[in-house]
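A quick write-up on the structure given underneath.
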Amino acid sequence: MTQPETPEHLAKTRRGEAVTFLEAISEALFEEMRRDDDVFLLGEDIGVYGGAFKVTRDFLSVFGPERVIDTPIAEGGFTGAAAGAAHMGLRPVVEIQFMDFVSPAYDVITNYIATSLYRGAGALPLVIRGPVGGGNRGGPFHSQNVEMAFFHTPGLKIVYPSNPYDAKGLLKAAIRDDNPVIFEEHKGLYRAPALRAVLPDEDYVVPLGQAKTVREGTDLTIVTYGAMVHKSVEAAETLAEQDGVSVEIIDLRTLLPLDDDAIVESVKKTGRLLVVHEDTRTGGIAGEISMRVNEKAFEWLDGPILRVTAIDAPVPYSGSLEDYFLPQTDDVVTAARYLAAY
Amino acid sequence: MSDGDAHGLGRAELHALYRALVVTRAAEERLETLQKQGHVTGGLYRSLGQEAGAVGAAFALRRATDGTGDFLAPTIRAAGALFLFGGELIDFFRQYMARGTSPTRGRAANVSWFDFPKGFVGPVSPLGTMVEIMAGITLAFRMRGEERVGMVFYGDGASSTGAWHEGLNFAAVQRCPLILMVENNQWAFSTPTSRNTRVASFVEKGPGYGIGAESVDGTDVLAVFDAVRRAAALVRAGEGTRMVELRYFRRKGHAQHDPQDYVDPALIAEWEKRDPIDRFRSRMLERGWASEEELLAIEEEEFERCRAAAERAVAEPLPHGPDAVLDVYTDTETRRPWTRAREPDPALA
């Protein structure tokens, strides 16, 4: 197969230019499709239109309609079809236009895809990716975080990056992984100017299942992921300046499997744990993390494990409501301050 | 079709068809015995009266063992198709008895097992979902330019699911080389077809998706063979997805636990007169395609094969309990919780 030409906007890293989070995702997809003919894309409006957020802009002209398939509006249908194609040795990447719409595919993901290896039908190497998260005034149907709908399903992996470097490396790792991966991309990060970064001009992956310490500290650990990493870093800076509190921040990067070791190691160092997630509170990942720390590091704790999360409500539309609904930097500061003084 | 028409099938092929019908029934009858003896795990599902649908359809496809043949997604009532695709009789019993030696090593039930070289994929219980899966499998055939055809069975009940619609619509749009086989046995558990759909025949659904559909007497194995062979030729030639409705009647309950007292016994008696094996047997004799002795020999051989396979499978062990942690992921270990160890130890967490 001849090497397809790289459109200008997908060669920024090659030219040494900084890329956004979204461009990092696009580069990962493009480079994986060029590396492996078995990788192909399915999703709504990903071809001619290039995706609702333009993640796959110009992919159709490079790879053609057999590898960039515009699908009917039926997430269950094309996610199931991706599973069938994966059975035959292909490596599909499914785009869910907004991850809120993954729900029609819940049946095939949980009953079929997640159980395939266990049932003896072989692993299904496929990625289901798409935008998640609030703060963009998207309302109840364009703002959800879906990780916990799948966290309870053994057989799946769940990835939720916070920056362009990780996004590119994790997506490549997810595509090369032999297990099914849910890949969440916070749309508030997609074009955030502050996150633009020059990435290594080489083929790198970020292994799944490994958290990353994004800030070292000694008094308190914040475990978080996705967009909340950045609010947590802001909060940590405030606490350092105003309170002299030294906060360690762990970016989970992969939610399933969860990197217990990184969390426990940090908790043993600081003795205090605050979990911060944008997802709603009840049944959020903070509960599971708290339980694991309780099991593995109870004696190291100097205070209760606390959490800062969204409110248990649908995601509201109006900005004043949504800002109140979502966890903000001030909330992290307040909770961390309380915990540090405990 | 005319009764005298063997659709170009030779004597050996006709005998093979008969053999496939007989083994399906013999295997299921053997299962009933095994269940009474307490060997069967979970439900037992009979295809009594539906054997010709599965057998005739599978017989019309190209079967191989090296991953180049056509591809099947059977249902619990299409075991005959599974056998024709090379599913081993003993594995059928192992699966039903959840043996550690079964293809799924005791992880999944009955016909839900897999052999990609032979070309079959076991169903997931919401059966409409298999249309989505088979859409993808046949999409891969089309993308790779392979002249392979997929066939997915499902019941009249599964035709009501969203997954069925989404999978079919996707397959139709993508011109996936897929044949949908709707087993219209008139019952979805206790719910009659009239409460699952307002159409009189499932072929009426085909045009809604822009695909060709045909209805066939599912108790007539040659009629089924002929209809599916025609469908497969069209699909293989690039027409894309097609549908074939099998009309017959579920003569036993949904599973063995279901006495089917919601069905008029007169109706069951009426359908007994149209038993697919009796029908084909009579025709074979009438047309001189086989002698009574030949048919008896086939029956005895298949009965004995089932007895022997079942006997072997019964003697095999259940899976090792701790194997329950294996194969959740390809690369990530799953462990039994430390609090369930005989001596709980947080170091094991």
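Every chain is numbered from 1 and lettered A, B, ... according to where its sequence line falls, protein lines coming before strand lines. No experiment lies behind these values; they were computed from the predicted model shown. Side-chain atoms are counted along with the backbone in the values below, which use heavy atoms only and exclude waters and symmetry mates.
Heavy atoms of B:Ala140 lying under 4.5 Å from chain A belong to its backbone as well as its side chain. Both the backbone and the side chain of B:Asp331 come within contact range of chain A, judged by heavy atoms closer than 4.5 Å. If you measure heavy-atom distances from B:Ala324 to chain A, the contacts under 4.5 Å come from both the backbone and the side chain. Residue contact with chain A, scored on non-hydrogen atoms closer than 4.5 Å, involves the backbone and the side chain of B:Phe170 alike. Proximity to chain A is limited to the side chain of B:Val121, based on heavy atoms less than 4.5 angstrom apart. With a 4.5 Å cut-off on non-hydrogen atoms, B:Met143 touches chain A through its backbone and its side chain both.
Look at B:Arg144 and A:Asp37 and you find no salt bridge, because none of the NZ, NE, NH1 or NH2 atoms lies under 4.0 Å from a carboxylate O.
Listed in order of number, the residues of residues 81-100 of chain B that approach chain A to under 4.5 Å between heavy atoms amount to none.
The shortest side-chain heavy-atom distance between A:Asp177 and B:Tyr329 does not fall under the 4.5 Å cut-off. Side-chain contact between B:Ile133 and A:Val108 is present, with heavy atoms from C-beta onward closer than 4.5 Å. Contact annotation: the side chain of B:Thr330 approaches that of A:Leu117 to within less than 4.5 Å [non-hydrogen atoms, C-beta and beyond].
Residue B:Gly122 comes nearest to A:Arg119 through the heavy atom pair O-NH1, 4.5 Å, listed as atom of the first residue, atom of the second, then distance.
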*Determine, step by step, whether A:Ile69 and B:Leu139 satisfy the side-chain contact (heavy atoms from CB on, under 4.5 Å) criterion, reporting the C-alpha distance in whole Å, the side-chain angles of both residues, the deciding distance to 0.1 Å, and the verdict.*
CA-CA 11 Å; A:Ile69 299 178; B:Leu139 175 73; 4.1 Å; yes

*Evaluate the criterion side-chain contact (heavy atoms from CB on, under 4.5 Å) for residue pair A:Lys157 and B:Thr332; output intermediate values, then yes/no.*
CA-CA 10 Å; A:Lys157 296 186 178 184; B:Thr332 307; 4.0 Å; yes

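Counting heavy-atom pairs closer than 4.5 Å to chain A, the top-ranked of the candidates B:Asn169, B:Leu326, B:Val173 is B:Leu326. Per-residue heavy-atom pair counts under 4.5 Å with chain A were compared for B:Trp164, B:Trp338, B:Trp113, B:Phe71, and the maximum is reached by B:Trp338. Counting heavy-atom pairs under 4.5 Å between each of A:Asp107, A:Asp178, A:Asn111 and chain B puts A:Asp107 at the top.
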Name each donor-acceptor pair under 3.5 Å that joins a side chain in residues 71-79 of chain A to protein atoms two or more places apart or in another chain, with its distance.
| unit_1 | atom_1 | unit_2 | atom_2 | d |
| --- | --- | --- | --- | --- |
| A:Thr71 | OG1 | A:Gly43 | O | 3.3 |
| A:Thr79 | OG1 | A:Glu75 | O | 2.6 |

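The environment of B:Glu147 atom CD is sparse: at most 12 non-hydrogen atoms of other residues, nucleotides or ligands sit within 6.0 angstrom.
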